[in-house]
There are 2 protein chains.
Amino acid sequence: MPKRVVPEERRRRRRPTRSGRVLSESLIVETALRLLHEHGSAGLTARRLGLALDCDPSTLYRYFRGMDDLTLAIGDALIGRALHGWRPAGPWREDLRAIGLRIHTAYLSHPQAAVLTASRVSGRANELAADEAVLDVLRTAGFPLPEAVRVYHAFIDTTLAFAALDAASLALPDAARRADEDMWHSAYARLPAATHPRLAEAAPLLAARMVTSAYPTALDMLLTSAGDRLAGPS
Amino acid sequence: MPKRVVPEERRRRRRPTRSGRVLSESLIVETALRLLHEHGSAGLTARRLGLALDCDPSTLYRYFRGMDDLTLAIGDALIGRALHGWRPAGPWREDLRAIGLRIHTAYLSHPQAAVLTASRVSGRANELAADEAVLDVLRTAGFPLPEAVRVYHAFIDTTLAFAALDAASLALPDAARRADEDMWHSAYARLPAATHPRLAEAAPLLAARMVTSAYPTALDMLLTSAGDRLAGPS
DNA sequence: CTCCTTATGCCAACGCCATTGACCTTACGC
DNA sequence: GCGTAAGGTCAATGGCGTTGGCATAAGGAG
């Protein structure tokens, strides 16, 4: 029933909960991240969060407009962590590879938030800094502007797309995730060669490979193609 | 409470619902797709589906083990539509490009469903057929088995990842989607060159390009890299 | 130091949701 | 046409997010 959520910086009164704990936006976000880690994708509920913070679930609505607002706040924190401390260090290809893997890893460490935020354009500081860094690596490497933009677009969207896809698998309820993974050992592994010869011969390799992320492979293929263009018509 | 769901092809009795409608797996899936279009990706619930089909929600459990099983069936239907009528026709590169674009297009035509299903592995008929087709194109082109599996993995996951990413944007509420798109004309276009020189110089190109899908570009880069390997060490 | 205002925590309730067990009815194989 | 069990329906369970009303204590004003 709070019509209005008081922004964190305007908060004056800090009234402790019945257990003596003083709440804050960042405390709630940190606790939410912990819950997601401990209890899996279904582990973040207002009720459970209230339990962990020893406050009533409805109290959270004094800090966020709803669970969705809370999730966005969590996602915003992720972007900052991904590139925290990164500096360009080597050849452009290594730098881009490092940036991509950092973003991918950061999102996958909190899959539930990643699923909701990977497809959004926030225009906030950390997002701008990441984009500037990618473009700078490409331009410094000698890519002409239109080509740099082309590669940037493919690079950043491939990275975010894989982050979202791989995060979605991790964010599934345990039962569903296991069922999806087992599929490569069950349905795919037992196909008759008569109807599915190509899948039959590939089954063992698929069972080993498909449970991993294709992002490193796809990223390398993308960088190889970009390198061809840089070297080729120069 | 149905311990066991009777597979569609073994169904003998077709008892109509109280309103006289005869249910079937495909009727349920089609209705679910319609609901997703009308009510958004959170709009598919057993209750609403029961309302639309004029049957009790629990009846659905005679056809699917649960809502998760239903979403897998929806995803398989999308893949089926994507490759309906497709036949290998030309050089492997054209064939793969066609398959990828068909899948991408099919998913984007049902964004709300795509968001739910793009990251799942169902092992159902249409999914198997699509995978068999991709592997067949690669093997016929002369890729050795391990390399074919590598390219297959990167190809199919890149395609599904972009389908999910692009679908997520389309599935956003109108206001949020427009806000995301305008970002490239507002925040990004007005950055001072002092702090973000690379973004500043690229802004006009970004505004034109970032509102489109990077999938065609990324796909071409992937296929180019695969082609290099096929031609190179042969 | 006291008083008043109101921010903020708490309680109870609402209306969703998926899922299940028991029941009942009717379509189909014989 | 009869017996069986497939398949539709009902009612109930325990979760969820969210909200209106209320109680209380924090912190500024004097």
Side-chain angles (χ1 to χ4, degrees), chain A residues 1-25 27-28 31-32 35-36 39-73 112 116 172-173 175-176, chain B residues 1-25 27-28 31-32 35-36 39-74 116:
Chain A
M1 143 269 213
K3 318 161 192 248
R4 230 204 176 47
V5 171
V6 177
E8 187 73 4
E9 63 274 13
R10 298 188 84 87
R11 240 163 231 283
R12 330 270 312 177
R13 307 189 183 179
R14 315 234 60 139
R15 179 177 173 184
T17 74
R18 94 196 93 153
S19 66
R21 198 147 185 191
V22 175
L23 298 181
S24 70
E25 191 173 300
L27 175 64
I28 295 175
T31 306
L35 280 191
L36 284 169
H39 294 91
S41 68
L44 180 61
T45 72
R47 289 172 146 79
R48 223 198 289 253
L49 194 46
L51 211 61
L53 290 164
D54 203 5
C55 73
D56 191 88
S58 66
T59 302
L60 302 171
Y61 289 79
R62 302 280 185 200
Y63 291 83
F64 301 98
R65 264 189 292 280
M67 292 303 285
D68 199 66
D69 197 20
L70 169 60
T71 313
L72 290 180
Q112 298 79 15
L116 296 180
L172 287 176
Chain B
M1 137 278 206
K3 320 165 188 238
R4 195 157 153 49
V5 171
V6 177
E8 186 72 4
E9 66 273 13
R10 300 191 88 84
R11 240 163 232 282
R12 332 275 308 182
R13 310 189 182 178
R14 317 235 59 139
R15 178 179 171 184
T17 75
R18 92 197 96 155
S19 64
R21 197 143 183 195
V22 175
L23 298 181
S24 69
E25 191 173 302
L27 175 63
I28 295 174
T31 305
L35 281 190
L36 284 170
H39 295 95
S41 47
L44 178 62
T45 72
R47 287 171 139 75
R48 229 195 296 247
L49 197 43
L51 211 62
L53 289 164
D54 202 7
C55 72
D56 192 89
S58 65
T59 303
L60 302 170
Y61 290 78
R62 301 277 185 204
Y63 290 83
F64 302 97
R65 265 188 297 278
M67 293 303 285
D68 189 69
D69 198 20
L70 171 59
T71 55
L72 290 179
I74 293 172
L116 297 179

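Chain naming here is simple, since letters A, B, ... match the order of the sequence lines and numbering starts at 1 in each.
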**OP:** Output, in order, the C-alpha distance, side-chain angles, deciding distance and verdict of side-chain contact (heavy atoms from CB on, under 4.5 Å) for A:His39 and A:Thr45.
**Re:** CA-CA 10 Å; A:His39 294 91; A:Thr45 72; over 6 Å; no

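The distance between atom CG of A:Asp56 and atom P of D:dT18, rounded to the nearest whole Å, is 14 Å. Regarding A:Glu25, its CD atom lies at a distance of 18 Å from the P atom of C:dA7, rounded to whole Å. The distance from atom CG of B:Leu51 to atom P of C:dG15 is 17 Å, rounded to the nearest whole Å. The CG atom of A:Leu60 sits 15 Å away from the C1' atom of C:dC11 (whole-angstrom rounding). Nucleotide C:dC17 holds its P atom 12 Å from the CG atom of B:Leu49, rounded to whole Å. Between B:His39 atom NE2 and C:dC16 atom P the separation is 13 Å, expressed in whole Å. Spacing between atom CZ of B:Arg21 and atom P of D:dT9 amounts to 12 Å, rounded to whole angstrom units. Rounded to whole angstrom, the span from the CG atom of A:Asp69 across to the C1' atom of D:dT19 amounts to 17 Å.
Side-chain contact check for A:Ile28 versus A:Leu70: some heavy-atom pair is nearer than 4.5 Å. When side chains are defined from C-beta on, A:Leu53 counts as touching A:Leu60, because their heavy atoms get closer than 4.5 Å.
One N or O donor and one acceptor, one from the side chain of B:Ser58 and one from the base of D:dC10, sit under 3.5 Å apart. Checked by distance alone, A:Arg18 brings no side-chain donor or acceptor within 3.5 Å of a matching partner on the base of C:dG9.
B:Asp68 meets the salt bridge (charged side-chain N to carboxylate O under 4.0 Å, His left out) test with B:Arg120; sequence neighbours excluded. Applying the side chain to side chain donor-acceptor pair (under 3.5 Å) rule to B:Thr17 yields the partners B:Ser19; only residues at least two apart in sequence or on another chain are considered.
At the phosphate of D:dG8, OP1 or OP2 sits under 4.0 Å from a side-chain N or O atom of B:Tyr63. For the pair B:Thr59 and D:dG7, the criterion of a side-chain N or O lying under 4.0 Å from OP1 or OP2 is not met.
Screening B:Leu49, B:Leu36, B:Leu23, B:Leu44 for a side-chain contact (heavy atoms from CB on, under 4.5 Å) involving B:Thr31 leaves a single residue, B:Leu49.
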Please tabulate, one pair per line, each protein N/O and nucleotide N/O from nucleotides 15-17 of chain D that are separated by under 3.5 Å, including the distance.
from, atom 1, to, atom 2, distance (Å)
D:dG17, OP1, A:Ala46, N, 3.0
D:dG17, OP2, A:Ala46, N, 3.0
D:dG17, N7, A:Arg47, NH1, 2.5
D:dG17, O6, A:Arg47, NH2, 3.3

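Summarising the geometry of B:Ala73 relative to B:Phe64, their closest heavy-atom pair is CB-CE2, 3.7 Å, with the distance given to 0.1 Å.
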